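This report refers to the structure that appears directly beneath it.
Convention: sequence-line order gives letters A, B, ...; per-chain numbering from 1. Just so it is clear, the model here is predicted, and its values are computed rather than measured.
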There are 4 protein chains.
Amino acid sequence: MPPLDPAAAPRWRRRKEDRPQEIVAAALDVFAERGFAAARLDDVAARAGVSKGTLYLYFPSKEDLFKAVIRAAILPNLERAERMIAEVPGPSFALLERLLAMVAELIATTRAAIIPKLVIAEAGNFPELAAFYHREVIQRGFGLLANLLARGVARGEFRPMNIDHAVRLIAAPLLMSAVWRSAFDAVAPMDVPALIATHRDHLRRALLVDGETPNGDRS
Amino acid sequence: MPPLDPAAAPRWRRRKEDRPQEIVAAALDVFAERGFAAARLDDVAARAGVSKGTLYLYFPSKEDLFKAVIRAAILPNLERAERMIAEVPGPSFALLERLLAMVAELIATTRAAIIPKLVIAEAGNFPELAAFYHREVIQRGFGLLANLLARGVARGEFRPMNIDHAVRLIAAPLLMSAVWRSAFDAVAPMDVPALIATHRDHLRRALLVDGETPNGDRS
Amino acid sequence: MPPLDPAAAPRWRRRKEDRPQEIVAAALDVFAERGFAAARLDDVAARAGVSKGTLYLYFPSKEDLFKAVIRAAILPNLERAERMIAEVPGPSFALLERLLAMVAELIATTRAAIIPKLVIAEAGNFPELAAFYHREVIQRGFGLLANLLARGVARGEFRPMNIDHAVRLIAAPLLMSAVWRSAFDAVAPMDVPALIATHRDHLRRALLVDGETPNGDRS
Amino acid sequence: MPPLDPAAAPRWRRRKEDRPQEIVAAALDVFAERGFAAARLDDVAARAGVSKGTLYLYFPSKEDLFKAVIRAAILPNLERAERMIAEVPGPSFALLERLLAMVAELIATTRAAIIPKLVIAEAGNFPELAAFYHREVIQRGFGLLANLLARGVARGEFRPMNIDHAVRLIAAPLLMSAVWRSAFDAVAPMDVPALIATHRDHLRRALLVDGETPNGDRS
DNA sequence: CATGAATGAGTGTTCATTCAT
DNA sequence: AATGAATGAACACTCATTCAT
């Protein structure tokens, strides 16, 4: 029970609980601007409004901070996608359409789109990080898609297929779009939602039992 | 058998003709192991069997050495693909099939597959490098594919399409495969040719006017 | 007596207040021994009893450290000279005598005498440094002398003269003495105060309205 | 006796004799632009139109090349001054005037004016060089002046004086002018001949028995 | 004589991490 | 809990000198 005497209340309960997320948000910004290796913890600390030493109170190393950044940027979106699939009952392809549009939107508009590039760049130097990302992000994301596809096949909506391959082929343009934004947007920007819309059309013909149905775009 | 008398062995030998390629080959190895930023020129020199100073006789900076590595690894393959398209007269989709198989093979078997990862990792810190790669590799590769698609459409083999999008959707699984090999092969290896074969099947249905033709896999 | 147990000795101690001057003093020593360009920051750090990285906590570059060395070595003396001229009311030539003697003494006995040599040596390669020294040291020193001469002329003590030239002619033997000590003292040492005393006699005849007054040396 | 058969004459007696002076001239240029330490032998070789290895056929080290540069730039002028003093019979002060004007002219117009700065800068790192310069240039120059002064005193033209000091006081503004041109001309150029003319006027009053004689400028 | 390819020691600067306060 | 002064290892690039050709 907290003390009722206001004079006894700590004067600076300065959001001890918020510190980690503030640091993680600052780190995402700095990593996005400079890449992981070139990012300076000085800059992260400055942007988070703390001292450099404080970072080490919450994260034992730069690499661990990186993992926290990945978790914070990706997991909420993964969970959102998982909920969408679990809750929405309609035709499987319609679900896939919504999923593609959602990810395209995320890639086109949020800072989190930089994460794949960062992981790709550092995977070689931090195998543990590669394993972490594969386990916590890729496998979950692929699993989610695989479930959707399996459901569609079971319902007779989708043709029989090698689900593993299909998952990767569905994901590839999304990954490429995220990477492109991170690496080449300055030299040749790209309309991610439009590209993914075309991807959806390709997928309709490739996956659906009656992919030739003329009712193209409803999403 | 070389003389064992060390006084008789020259400290070095003139190799003006061969040095550049030897250095570039060593650099590709080291860059592949450590990434560009983390690679030490000491290691490159040691692996090439020369002193560090010698690197600077042939390449004015680490970044220029990187460009030379890219050129050496990519351009011969690009030229090979361009020749293939120019010379082979058959149906456009058959050409596309051969192209996909060739690239899949390169990605699955050669060290050059590491290049996209390296460029992606450094594009942010070396904008000039991103521009170089976009100009010398991506635009040429995309242009080559665009020509092939335009020819197919003109001949009535392919449906009318947004060629720009189609090119990127064809390339995406190849890029993803190269990146995967560079980043996640240790944790979860991947059968690139098999994936690209499925990609080809998807593309047949997505691109061909009569994509439903049953003669699936001959390649 | 300090404890001999090495585990009890802290690896370092906070010295935020004193560090800059300690580093500057060490830098003056090393620059004097090797010259600016040949001086190694490793040596400066070692002599200051800090690590090389610590230098960069206080000075953003070697060149900036050089400027701090110049300021620390010269400005106190300039200020002393300025005070002397402002406070002492007597005949202008007597003031000039005291000024000459003071500078001669500084040149003959202090490490600061090395500064002109260092600046001369590096001016070509660091134009910004030359401008800095001209602005912060030469102009102030020349201005101080010019004031003294103008006062003497106004009072009828000195002949009318080109003050700009006179200032330089007064300064030249001082500069030469400082440079000589820095460059040739090992091969042919020089009695700076005696030379400057003769300089004073020359100046008496050259500058004073009645320079022939027979009372030569009183200083 | 040279062979008369023209076919036996060497086809490319390519000025084997001129090489050293060409190299020395190139070196003076490069040393003047960059200073001794920062000068690259690559640049010297390029400017002399030879290969870098060729430099070592004529000069065993960079320092020896420096000595040759000094000799080539200074000795002819010293000899010219010595001849002037030996041959011209007139009043001693008139001789001194001509000497001052000649040196002022050299300082104001020739590349050799950079030499004192170069020697000053490197004296600390090459004591042997300092000794060389002191012996070959300074002592000879000072001796020449000392002779002139001694002659003037003997003839009753000059007051009795400490000749050693007087020599240095005469030389100081010349040295300062040379150094100024090398170090500060870019930030504040200086009219050397005008300054030295005022120096001459000061010296007239300081040295001559009847220094007050009103016939100021005839030089 | 002349070349120029090759050497390799040398150093200013950065930054993740530690730890005295 | 928080600070920020201090550490020290790491690395690209230069250039006088050597020597195989």
Is there a side-chain contact between Leu65(D) and Leu41(D) in this structure, where contact means two heavy atoms from C-beta onward sitting under 4.5 Å apart? yes

[atom1] of [X] versus [atom2] of [N]: gap in Å, rounded?
X         : N       : atom1 : atom2 : value
Phe59(B)  : dA6(E)  : CZ    : C1'   : 15 Å
Leu55(B)  : dA5(E)  : CG    : P     : 15 Å
Ile23(C)  : dA6(F)  : CD1   : P     : 8 Å
Leu65(D)  : dC15(F) : CG    : P     : 16 Å
Tyr58(C)  : dT14(E) : OH    : C1'   : 17 Å
Asn125(B) : dT14(E) : CG    : P     : 15 Å
Arg34(C)  : dG10(E) : CZ    : P     : 11 Å
Asp42(C)  : dA9(F)  : CG    : C1'   : 12 Å

Across the strands shown, which category fits Ala39(C) at heavy-atom distances under 4.0 angstrom: base, sugar-phosphate, nothing? sugar-phosphate

With a non-hydrogen cut-off below 4.0 angstrom, is Lys62(C) in contact with a base, only sugar-phosphate, or nothing? sugar-phosphate

Under 4.0 Å: is that the gap between some side-chain N or O of [X] and OP1 or OP2 of [N]?
X        : N      : result
Arg19(D) : dC1(E) : no
Thr54(C) : dT7(F) : yes
Ser51(C) : dA6(F) : no

For the side chain of [X], starting at C-beta, report the closest nucleotide among [options].
X        : options                  : answer
Leu41(C) : dT17(E), dC1(E), dT13(E) : dT13(E)
Lys52(B) : dA9(E), dA6(E), dA5(F)   : dA9(E)
Val50(C) : dT7(E), dT11(E), dT7(F)  : dT7(F)
Leu57(B) : dA2(E), dT3(F), dA6(E)   : dA6(E)
Tyr56(B) : dT17(E), dT14(F), dA6(F) : dT14(F)

Short N-O contact, Arg47(A) and Glu33(A), less than 4.0 angstrom: yes

Are Lys62(C) and Glu122(C) within salt-bridge range, i.e. N to O under 4.0 Å? no

Where the side chain of Asp42(C) meets the backbone of Lys52(C), is there a donor-acceptor pair that is under 3.5 Å apart? no

Applying the Watson-Crick and G-U wobble criteria at under 3.5 Å, what pairs with dC13(F)? Answer none if nothing qualifies. dG10(E)

For dT21(F), the Watson-Crick or wobble counterpart (both distances under 3.5 Å): dA2(E)

5' precedence on DNA chain E between Gly53(C) and Ala38(C) (nearest-nucleotide basis): Ala38(C)

Would you say the rings of Phe36(C) and Phe126(C) are close, in the sense that their centroids are separated by under 6.0 Å? yes

To the nearest 0.5 angstrom, please state how far the CZ atom of Phe31(C) sits from the CG atom of Leu118(C). 8.0 Å

